[in-house]
Amino acid sequence: MNHLNNYNKIINKRGMVLLSDRVIEAESLQVTTDKDEARFLRVDKVRFQGCNLTEGRLYEINRYYGNELVFADNGEMFVVDDLGKENYTALMVCKTTLYK
């Protein structure tokens with residue numbers, strides 16, 4: 001059973017996750033609790049208004065490596081929000097599920 005189907009409205013009928021530039025099979029995604037190995041983030045609940053993230057949507061995780069003192073090895077995690085801006089607060093202001 002694909003647990004993403006209940007939450008993610010961008011999964012098509014063949015179980016593919018549609019991102020802006022590529023297609024990922026939903027069956028190949030695995031839930032993880034390790035932030036360093038996560039490649040995708042699903043927003044389960046938006047706790048604060050104004051974060052410009054959509055509940056139930058899957059976002060690709062990007063990393064910023066410019067702050068070497070704090071995030072030396074794995075970079076600082078961010079997602080591109082619904083307005084096309086870098087959002088570094090998704091883990092703090094939303095209930096999320098991480099996928100690898």
For the pair Y88 and Y64, name the ring-plane relationship: parallel under 30°, tilted 30 to 60°, perpendicular over 60°.
-> perpendicular
Steps toward side chain to side chain contact (heavy atoms under 4.5 Å, CB included) verdict (T54, Y59) | CA-CA 10 Å; T54 303; Y59 295 89; 3.7 Å; yes
Under the side chain to side chain contact (heavy atoms under 4.5 Å, CB included) rule, what do L98 and V31 come out as? Steps first, then yes or no, please.
-> CA-CA 6 Å; L98 300 173; V31 175; over 6 Å; no
Check ion pair R57-D82 (N to O, under 4.0 angstrom) = yes
Nearest non-hydrogen partners of L53 and A90, listed with the distance = CD1-CB, 3.7 Å
Taking atom types as modelled, find out whether R42 and Y99 have a side-chain donor-acceptor pair closer than 3.5 angstrom.
-> yes
Start with the C-alpha gap between E60 and V79, add the side-chain angles, then the distance that decides, and say whether side chain to side chain contact (heavy atoms under 4.5 Å, CB included) holds.
-> CA-CA 6 Å; E60 185 172 9; V79 297; over 6 Å; no
Could you go step by step and tell me if R39 and I61 meet the side chain to side chain contact (heavy atoms under 4.5 Å, CB included) rule?
-> CA-CA 5 Å; R39 294 178 23 230; I61 293 174; 5.8 Å; no
Return the minimal non-hydrogen interatomic distance between C51 and V93, and the atom names on each side.
-> CB-CG2, 3.7 Å
Can you check whether V80's main-chain N or O pairs, donor with acceptor, with E86's side chain at less than 3.5 Å?
-> no
Does the side chain of E55 reach to within under 4.5 Å of the side chain of D44, using non-hydrogen atoms?
-> no
Do T32 and D34 have a side chain donor and acceptor closer than 3.5 Å?
-> no
Rounded to the nearest 0.5 Å, how far apart are CG of N87 and CE of M92?
-> 8.5 Å
Is there side-chain contact between L58 and F40, with at least one heavy-atom pair below 4.5 Å?
-> yes
Is there side-chain contact between R63 and M77, with heavy atoms separated by less than 4.5 Å?
-> yes
